[in-house]
Visitor: 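The structure under discussion is supplied below as structure tokens; questions concerning it will follow.
From a predicted model like this one, the values you see are computed outputs, not experimental measurements. In what follows, every heavy atom counts, from backbone to side chain, and hydrogens, waters and symmetry copies are set aside.
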Amino acid sequence: TRVDCAINMYMYFLGVRCFSTAVKTQIPLAILRRKTGYPISKCKDALTKYNNDITAAETYLQEQAQKEGWIKAEKLQGRVTRQGLIGSIVKENKGVMVEVNCETDFVSRNKEFQHFVAQIIETSFEQMKKHTLGSTFQQLSSSAITAFGPMGNKHATLGGFVAENIGHFGENISLSRGCLMSGNDGILSSYVYNSVKIPDSDVAMGTYASFVHLRPNRGTDFGNEEEVRALGVKIGQHIVGMNPTCVMKSEAASGEGEALMDQNYLLDSNVTIKEWLASHDIHVTDFVRFALSENK
């Protein structure tokens, strides 16, 4: 009947209207959730507070996360952090290495934590590019790394970024130490044991890492630089495994520790490192080795 048709048409348009309203509500929520990764309930509250303004809601959530992170960081301060990852990157013949510690290996195996470490390394590398190193190697203290920044428009320093993520992961997190290394007139290579990598990032991370600075024995011509860099990776692997304390014996403090040049090569015990390097017409001028929590 005509009345039934009218009722059906009314119900149809009512359903479309309700569906349209639901979509308008759900789309900003989905976008905000995807952009921030925060819980749906918090995203929904932020959108309600700012009348579905995604930008304002995102800014609000980030500010709240930092506040909650700092509060959590103060509560967790002093809790032991012996797990974590050492992250490193070498680009443009420059390298950065930072040890990022957490409380449990459950968190260090988390993909989100690994992405977090990669962001710290990448920010530290960008900071390094702004300065000229006075020497090949520069040690970084925890306070120096924490002061690096900014990280886009979200955080003035890495300290704020770490505080926010302490709140997120629910564990104490520390940037224990780091270093900068430059190839200068040589070639810089790196090695990370059991390396973990994340998509679209040049950062490698694991529980042991090393940098090696190489130079040719004669002149400044390396020939094929990529081949030399690959040789450096092998030396880095040896350094991680054999733990030398200096390049030459004359550099050892009070005769303690083993010199790299005097050690038998890890991958060929019939030759020393000095002999192996000589066969490739290169030498090591400096190196650095980090092992997770070795100073804790």
Side-chain angles (χ1 to χ4, degrees), residues 84-101 117-151 155-162 173-193 195 201-215 220 222 225 228-229 232-233 235-240 243-248 250-253 257 259-261 282-296:
L85 290 166
I86 298 164
S88 78
I89 188 172
V90 171
K91 291 195 300 186
E92 303 166 24
N93 213 25
K94 296 177 181 178
V96 171
M97 190 184 299
V98 178
E99 180 175 347
V100 185
N101 295 110
V117 172
Q119 289 178 283
I120 289 171
I121 303 302
E122 287 161 356
T123 299
S124 300
F125 184 80
E126 289 303 311
Q127 190 81 12
M128 177 188 184
K129 286 168 63 177
K130 299 176 184 178
H131 304 283
T132 302
L133 292 184
S135 60
T136 303
F137 172 78
Q138 181 180 328
Q139 193 79 33
L140 293 174
S141 65
S142 175
S143 58
I145 305 166
T146 304
F148 282 171
M151 296 188 67
H155 305 281
T157 65
L158 283 179
F161 181 57
V162 170
I173 295 172
S174 59
L175 307 182
S176 301
R177 57 176 174 160
C179 71
L180 309 176
M181 206 162 187
S182 174
N184 290 339
D185 54 352
I187 284 182
L188 184 63
S189 291
S190 68
Y191 171 77
V192 178
Y193 176 70
S195 176
S201 174
D202 294 318
V203 176
M205 57 195 90
T207 52
Y208 294 86
S210 63
F211 283 153
V212 184
H213 184 260
L214 299 164
R215 292 189 65 189
T220 57
F222 274 106
E225 292 192 5
V228 174
R229 205 177 299 279
V233 172
I235 295 297
Q237 184 179 6
H238 171 95
I239 289 167
V240 162
N243 194 20
T245 56
C246 56
V247 177
M248 306 291 292
S250 58
E251 300 171 3
L260 174 64
M261 293 298 103
I282 55 176
H283 65 275
V284 173
T285 59
D286 204 357
F287 70 85
V288 62
R289 175 189 185 272
F290 276 16
L292 186 68
S293 297
E294 62 185 341
N295 294 334
K296 288 185 175 287

Visitor: How far apart are the C-alpha atoms of Arg177 and Glu294, what are their side-chain angles, what is the distance that settles it, and do they pass the salt bridge (charged side-chain N to carboxylate O under 4.0 Å, His left out) test?
Guide: CA-CA 11 Å; Arg177 57 176 174 160; Glu294 62 185 341; 2.8 Å; yes
Visitor: Among Asp286, Asn184, Asp185, which residue satisfies the side chain to side chain donor-acceptor pair (under 3.5 Å) criterion with Arg215?
Guide: Asp185
Visitor: Please report the closest heavy-atom contact between Leu214 and Gly232, naming both atoms and the distance.
Guide: CD1-CA, 3.5 Å
Visitor: So, for Met205 and Gly87, which heavy atoms are closest and what is the spacing to 0.1 Å?
Guide: CB-CA, 4.0 Å
Visitor: Compare every heavy atom of Gly206 with every heavy atom of Val192, then report the nearest pair and how far apart it is.
Guide: CG1-N, 3.4 Å
Visitor: Between CZ of Phe161 and OG1 of Thr123, what distance do you get to the nearest 0.5 Å?
Guide: 7.0 Å
Visitor: Do you know the tightest heavy-atom contact between Met181 and Leu188?
Guide: O-CD2, 3.4 Å
Visitor: Heavy atoms only: give me the nearest Val288-Cys179 pair and the separation to one decimal.
Guide: CG1-SG, 4.0 Å
Visitor: With Val100, which of Leu292, Ile145, Ile86, Val117 fulfils side chain to side chain contact (heavy atoms under 4.5 Å, CB included)?
Guide: Val117
Visitor: Rounded to the nearest 0.5 Å, what separates atom CE in Met261 from atom SG in Cys246?
Guide: 9.5 Å
Visitor: Rounded to the nearest 0.5 Å, what separates atom CG in Leu175 from atom OG in Ser124?
Guide: 7.5 Å
Visitor: Closer than 3.5 angstrom, by distance alone: can the side chain of Ser142 be matched with the main-chain N or O of Ser176 as a donor-acceptor pair?
Guide: no
Visitor: Grab the two heavy atoms, one from Glu99 and one from Ala291, that are nearest each other, plus how far apart they are.
Guide: OE1-O, 4.1 Å
Visitor: Quick one: CG on Leu180 to CD on Gln127, what's the gap to the nearest 0.5 Å?
Guide: 9.5 Å
Visitor: Calculate, to the nearest 0.5 Å, the distance between atoms CZ and CZ belonging to Phe290 and Phe211 respectively.
Guide: 8.5 Å
Visitor: Does Tyr193 OH have over 12 foreign heavy atoms under 6.0 Å away?
Guide: no
Visitor: Determine, stepwise, if the pair Thr146 / Val162 fulfils side-chain contact (heavy atoms from CB on, under 4.5 Å).
Guide: CA-CA 8 Å; Thr146 304; Val162 170; over 6 Å; no
Visitor: Indicate yes or no for a side-chain donor-acceptor contact from His213 to the backbone of Phe287 under 3.5 Å, with no hydrogens or angles considered.
Guide: no
Visitor: For Tyr208, is the OH atom crowded, meaning more than 12 foreign heavy atoms sit under 6.0 Å from it?
Guide: no
Visitor: Can you tell me how far OG of Ser210 sits from CZ of Arg289, rounded to the nearest 0.5 angstrom?
Guide: 8.5 Å
